[in-house]
Amino acid sequence: MILDTIAAISTAVGEGGIAVIRVSGVEAVPAVERMFRSKSKLGEVESHTVHYGRIVDPQTGEAIEEVLVTVMRGPRSFTAEDVVEISTHGGFISVKQVLDLVLRQPGLRAAEPGEFTRRAFLNGRIDLTQAEAVMDLIRAKSDRASAIALKQVDGRLARMIQGLRGELIELLAHIEVNIDYPEHDVEAMTADYIRTQCGKVISRVDELLRTANEGKILREGITTAIVGRPNVGKSSLLNALAQDNRAIVTDIPGTTRDVIEEYVTVGGIPLKLLDTAGIRETLDTVEQIGVARSRAAIVDADLILFVLSAGNALHEDERELLAQLRSRQCIVILNKSDLPRRLELEQVLEQMPEPQLVQMSVLQEQGLEQLGDAIRTIFFAGELESADLTYVSNARHIALLKQAKAAAADAIDAADAGIPIDLIQIDVRTAWERLGEINGENAGDSLIDQIFSQFCLGK
Amino acid sequence: MTYEAGNYDIIVIGAGHAGCEAALAAARMGCETLLLTINLDMVAFMPCNPSIGGPAKGHVVREIDALGGEMGRNIDKTYIQMRMLNTGKGPAVHALRAQADKFLYQHMMKKTIEETPRLTLRQGMAEELLVEDGACTGLVTKTGAIYRAKSVVLTTGTYLRGKIIMGELIYESGPNNQQPSVKLSESLRELGFDLVRFKTGTPPRVHKDTIDFDKTEIQPGDVKPKFFSYETLYADNEQLPCWLTYTSAETHQIINDNLHRAPMFSGAIEGTGPRYCPSIEDKIVRFADKPKHQIFLEPEGKQTSEYYVQGLSTSMPEDVQLKILRSIPGLERVEMMRNGYAIEYDAVVPTQLWPTLETKRVPYLFTAGQINGTSGYEEAAGQGIMAGINAACKVLGKDPVVLERSQGYIGVMIDDLVTKGTNDPYRLLTSRAEYRLLLRHDNADMRLTPLGYQLGLISEERHGKFLVKRERVQQEIERLKSVKIKPDEPIQSMLQGLGSAPITQTSDALSLLRRPEVTYAHLEPLIPSPLELTDEMKEQVEIQIKYAGYIEKQLLQVERMSKMEKKKIPANIDYADVRGLASEARQKLTEIRPLSIGQASRIGGVTPADISILLVYMEHHNRVVAARG
């Protein structure tokens with residue numbers, strides 16, 4: 001633990017145009033070399049030199065980012081160990097992808113808060129008088145990191161991980177009881193059972209990873225489209241949502257203007273709003289819109305907020321859209337409900353028999369709460385099916401999920417090869433522990449607690 | 001009136017499984033040792049099940065034997081059944097379990113103790129510990145005898161303020177109606193020790209001639225028994241079977257109807273019982289959907305008709321116990337010879353101990369066994385031998401001996417106890433060991449015999465044999481690395497017979513042996529070894545080769561962790577002076593006073609950040625000390 005090779009993003013996130021990933025330890029140079037395509041061979045270059053090249057996933061060959069790599073060999077480095085720094089000019093996404101790749105290399109792990117500084121101090125690079133400052137820094141960084149870590153673990157992700165761990169610990173307890181109470185009349189553990197359980201874990205982890213791999217989801221949010229004809233109040237709704245939540249409007253680098261996404265929370269549920277730029281444009285060029293544009297957003301969305309004006313009769317375009325949206329997760333918003341009603345509800349019902357209907361008056365700030373309720377109903381009733389619903393965006397989480405998956409796969413291989421269960425247990429336990437690190441849950445005595453609560457043992 | 005009764009290097013109070021090992025180890029290491037017991041007829045008594053070993057527990061017995069302790073040799077002399085458990089699983093969890101002739105077990109242990117030089121066995125009840133200048137210097141007995149010593153080892157089992165509970169009946173008593181030790185508990189309290197109240201229990205015993213064995217399943221011993229001690233090369237004890245039956249719906253009904261009389265539920269029991277050893281009433285309440293529970297009938301010895309009813313530990317009133325027994329198939333007309341009971345006792349909160357089992361509060365005082373919050377004969381004996389060794393080392397001016405978690409289950413257990421404490425009586429399980437694959441039944445000698453020899457607990461002769469074994473195993477592994485096997489008829493037909501894929505080209509023996517279905521015995525006729533190898537040696541060769549991948553992985557983990565274990569925390573560290581520690585960590589570290597960074601990292605509530613801060617503080621401290629010269 002003390003001498004592992006560690007890595008972390010060492011520049012403040014979101015500040016400056018360049019992000020630097022720092023890697024320190026004996027594996028630093030070989031690990032980065034494996035993923036660096038360049039004229040220079042990092043293993044042979046002189047210390048304190050900078051090299052241009054590309055970071056490439058050594059397994060898939062996929063090019064990830066153009067980078068500058070600086071090699072500083074110990075003891076003439078910040079930590080007095082071999083240090084490699086990868087400077088990326090890309091945005092947050094690519095930095096995370098590079099870090100993810102670095103952390104997947106054997107022998108590497110994410111640095112603990114303040115660990116570079118700690119090593120620098122322990123290796124004599126920081127003056128004795130600085131000891132207390134170093135200790136304060138570790139404390140502060142650690143407290144901040146745990147606060148951030150708590151935020152990073154989405155409630156649903158945490159629950160999914162807990163669910164997976166729950167199944168793994170039952171499997172583990174079952175294996176352990178077979179070992180520690182061999183004469184007890186519990187069902188013998190079979191390779192088949194291990195295969196089934198670990199297979200489940202792998203497919204669920206895969207689901208989680210899929211969203212991560214697409215690099216699409218970097219923040220939590222149900223991909224949501226606000227659609228409707230001109231002048232029904234889409235932009236006011238958007239503004240109301242954004243204002244109401246003091247939403248962070250993020251311009252994700254590398255994306256083009258017209259697919260800017262915004263993040264809001266409604267009733268505590270994060271939404272990623274699609275094509276908000278398009279909606280904004282309509283402010284200026286009212287007639288220029290189009291159902292066509294809405295249709296494009298609909299394709300990508302997991303949740304559709306279909307805004308109708310209560311003050312207008314149902315338009316042919318709207319009728320067509322309703323029919324199209326029948327099988328989708330859709331909330332029909334009757335806006336301008338304070339105006340005299342011209343819209344006939346029956347016509348809506350003809351196209352969409354059981355709509356989630358919310359009456360709103362955005363201008364009068366009425367109905368936002370009901371909208372939150374409606375989304376929550378869909379969200380928690382589990383009616384919303386989406387790959388986007390699990391939000392793994394953190395490089396550390398991705399690395400841990402991959403390790404857990406690999407361990408579960410090892411367990412299956414071992415079961416197939418006829419390896420005894422106490423050895424397969426090692427892999428199952430690894431999977432369980434890695435998943436636990438995501439939620440910050442430590443192994444401790446919980447396995448032993450599980451054994452005694454799950455099985456009736458005694459003499 | 002008190003009188004001076006003698007001076008010793010070491011006094012061991014209590015002659016149960018912990019006390020016997022402690023006293024034997026101390027005396028064998030050259031210390032004049034007194035072993036004091038309340039009742040001379042209770043030396044090495046088994047108050048509960050008449051068996052020794054099983055997963056993790058059996059491993060501990062092997063470790064005790066590898067260190068030169070007695071438990072393994074003694075059970076080998078007195079077993080009435082021997083079984084290797086978990087043979088269908090990996091080598092790490094193969095576990096030997098013996099049924100003991102519990103009376104013979106006592107007699108043989110007592111004989112060994114009586115015949116051991118420098119060891120005095122005495123009857124007497126210790127009532128007060130003598131402490132001078134903060135250090136323990138001896139004790140005073142109920143009869144006024146003052147015994148003085150350089151070190152004292154307390155192994156009081158369940159005697160401290162013992163209380164037997166059965167239905168509405170509650171009385172002060174040690175196990176099996178022995179005199180409890182009340183004043184000694186007060187003495188510990190006065191010295192400032194934190195004590196907790198734990199509970200355990202035992203089932204009734206029944207008369208063999210009143211059991212209808214036809215209604216039960218026979219559980220025989222192994223035809224070719226293995227032994228606990230590396231010294232036992234041959235034993236041919238006549239084996240007795242155990243018998244399996246189950247509780248019935250009627251049993252559950254009787255218990256449910258009488259729950260109001262169960263002290264477990266009436267509040268009469270305040271002590272915390274072991275989770276892994278619940279009473280039958282507890283099992284039926286907690287696992288109400290389980291229609292029946294296993295009951296094993298185990299003989300208690302050859303010269304007795306008493307049978308132990310495993311699975312029926314209970315503190316129900318005597319009349320209910322009899323009804324419960326007679327509701328079980330095979331026991332319809334059974335005669336109960338002794339009733340079951342629950343027993344409560346005082347235990348020392350084990351985080352008050354150093355990893356040497358010396359108390360932090362009173363130097364030269366050691367504790368081992370149930371007093372430290374454990375349960376089980378083997379757990380007691382494992383601590384006993386370590387407490388005896390460390391008490392002797394302290395007297396002899398030698399370095400203390402602390403087993404690492406990677407060295408043995410004994411190390412795992414003691415580290416758990418002194419680092420994390422325990423909320424209920426602690427039982428060893430193989431799952432408590434993170435390096436389970438390294439802590440095998442078969443390699444206990446490889447792990448610990450060099451240490452036992454170094455301490456003077458292993459004879460020259462035995463050590464010589466051990467060295468030969470270790471060398472031959474290594475030589476044979478080397479040989480197998482180089483032996484090439486051609487794809488000829490004998491090998492192919494052997495593989496075919498095993499359902500194993502044929503080889504297409506010349507292979508080395510090593511890779512063949514790594515196939516799960518191929519054993520050393522299969523290869524032996526094809527590539528006979530020029531070395532003279534015992535079955536034990538062949539077993540070692542096979543395990544080390546077959547599981548090399550897994551073993552190497554764990555060794556790597558051990559190596560990584562050992563850097564943390566080797567970073568020693570100075571004894572005089574003042575955690576109040578360490579800036580930035582979280583308050584929970586500061587409090588825990590101050591209480592536990594871990595000896596190494598490794599131990600500190602295992603304390604609940606101490607985070608990696610706290611460890612980082614501690615490392616920086618220690619470095620600062622070291623540099624300041626170095627700068628001052």
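What you see is a predicted model, and the numbers here were worked out from it, not measured in a lab. Letters go in sequence order (proteins before strands), and every chain restarts at 1.
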For residues E183(A) and Q294(B), report the shortest heavy-atom separation together with the two atoms involved.
O-NE2, 3.0 Å
Neighbour count >12 (heavy atoms, 6.0 Å) for atom CG, D413(A):
yes
CZ (R76(A)) with more than 12 external heavy atoms under 6.0 Å:
no
Kindly check if the number of other-residue, nucleotide or ligand heavy atoms within 6.0 Å of NZ (K568(B)) is above 12?
yes
Tell me, side chain or backbone of R579(B) under 4.5 Å from chain A's heavy atoms, or both, or neither?
both
When rounded to the nearest 0.5 angstrom, what distance separates CG in D180(A) from OG in S431(B)?
5.0 Å
To the nearest 0.5 angstrom, please state how far the NE2 atom of H293(B) sits from the NE2 atom of H184(A).
8.5 Å
With rounding to the nearest 0.5 angstrom, report the NZ to CG distance, K553(B) to D427(A).
5.0 Å
Could you tell me the separation between the CG atom of L122(A) and the NZ atom of K567(B), rounded to the nearest 0.5 Å?
6.5 Å
Less than 4.5 Å to any heavy atom of chain A: does that hold for the side chain of I295(B), its backbone, both, or neither?
neither
Decide, yes or no, whether a salt bridge links R432(B) with E176(A) under the criterion of side-chain N to carboxylate O below 4.0 Å.
no
Below 4.5 Å, heavy-atom pairs only: which of P420(A), G418(A), A417(A) has the largest tally toward chain B?
P420(A)
A582(B) versus chain A, heavy atoms under 4.5 Å apart: side chain, backbone, both or neither?
both
Is it the backbone or the side chain of R515(B) that comes under 4.5 Å from a heavy atom of chain A, or both, or neither?
neither
Report the option among F296(B), Y246(B), Y550(B) that has the most heavy-atom pairs separated by less than 4.5 Å from atoms of chain A.
Y550(B)
Tell me, side chain or backbone of R83(B) under 4.5 Å from chain A's heavy atoms, or both, or neither?
side chain
Could you check whether any side-chain heavy atom of R97(B) comes within less than 4.5 Å of a side-chain heavy atom of P182(A), counting everything from C-beta outward?
no
Using 0.5 Å steps for rounding, measure from the OG1 atom of T430(B) to the CG atom of D422(A).
8.0 Å
Heaviest contributor of heavy-atom pairs below 4.5 Å to chain B, chosen from T117(A), N178(A), I424(A), I426(A), is N178(A)
Side-chain heavy-atom pair D4(A), R560(B) within 4.5 angstrom cut-off
yes
Toward chain A, the part of Y547(B) with a non-hydrogen atom under 4.5 Å:
side chain
Which answer fits L437(B), side chain, backbone, both or neither, if we ask what part of it has an atom under 4.5 Å from a heavy atom of chain A?
side chain
Under a 4.5 Å heavy-atom cut-off, does chain A meet the side chain of E517(B), its backbone, both or neither?
neither
Rounded to the nearest 0.5 Å, how far does CG of L429(B) lie from OH of Y181(A)?
5.5 Å
I179(A) versus chain B, the contacting section by heavy-atom distance below 4.5 Å:
both
